[in-house]
Amino acid sequence: MLKSVFNWILIIGLLSLAGCIITAICRFFDIPFTTFFTDFALVSFGILIVGAMGSEVTKGQIEA
């Protein structure tokens, strides 16, 4: 169960990172886009790191 939680956290972090990249591209080309992803960029990065570390730690464990 813990393994699946970390996998979901990792997926959410990757989606947030993709949102940050899309926001940066839209800002570069002066296309109006939401600033949600840039406002919470540090939080998104933290979620990604926690998900990646948790997935790596639970990778070798057998689920009960």
Side-chain angles (χ1 to χ4, degrees):
M1 180 179 156
L2 192 60
K3 185 176 183 178
S4 63
V5 170
F6 281 123
N7 286 338
W8 276 107
I9 292 172
L10 180 64
I11 290 170
I12 291 169
L14 288 173
L15 290 174
S16 297
L17 178 66
C20 287
I21 292 171
I22 291 170
T23 303
I25 291 170
C26 288
R27 279 190 169 188
F28 182 75
F29 290 113
D30 292 328
I31 300 171
F33 195 71
T34 183
T35 60
F36 174 79
F37 294 106
T38 55
D39 295 340
F40 295 103
L42 290 176
V43 174
S44 299
F45 187 68
I47 290 171
L48 179 64
I49 294 297
V50 168
M53 288 175 59
S55 294
E56 192 65 31
V57 167
T58 60
K59 188 182 285 185
Q61 296 178 357
I62 298 173
E63 226 174 281

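Predicted model, so just to flag it, every value in this text is computed and none were measured. Residue numbers count from 1 along this sequence.
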Inter- and intrachain pairs under side-chain hydrogen bond (donor to acceptor under 3.5 Å, both in side chains), touching residues 10-32, at least two apart: none

Would you give the length of the straight line joining atom CE of Met53 to atom CZ of Phe6, rounded to the nearest 0.5 angstrom? 9.0 Å

Surrounding CD1 of Ile31 (heavy atoms of other residues, nucleotides or ligands, distance under 6.0 Å), is the total greater than 12? yes

Of all residues at least two apart in sequence or in a different chain, which pass the side chain to side chain donor-acceptor pair (under 3.5 Å) check with Ser55? Asn7

Do Phe36 and Ile12 share a hydrophobic cluster, counting only Ile, Leu, Val, Met, Phe, Trp and Tyr and linking them when any side-chain heavy atoms are less than 4.5 Å apart? yes

Are Val50 and Val5 connected, step by step, through hydrophobic side chains (Ile, Leu, Val, Met, Phe, Trp, Tyr) whose heavy atoms are closer than 4.5 Å? yes

Euclidean distance, Phe29 CZ relative to Ile25 CD1, rounded to 0.5 Å: 7.5 Å

Are Ile11 and Leu14 connected in a single hydrophobic cluster, I mean Ile/Leu/Val/Met/Phe/Trp/Tyr linked by side-chain heavy atoms less than 4.5 Å apart? no

CG of Leu10 to CG of Leu17: how many Å apart, nearest 0.5 Å? 10.5 Å

Should we count CZ of Phe33 as having more than 12 external heavy atoms under 6.0 Å? yes

Hey, quick one: are Ile9 and Leu2 part of the same hydrophobic cluster, counting side-chain heavy atoms closer than 4.5 Å, chains of contacts allowed? yes

For Lys59 and Lys3, work out which heavy atoms get closest and say how close. O-NZ, 4.0 Å

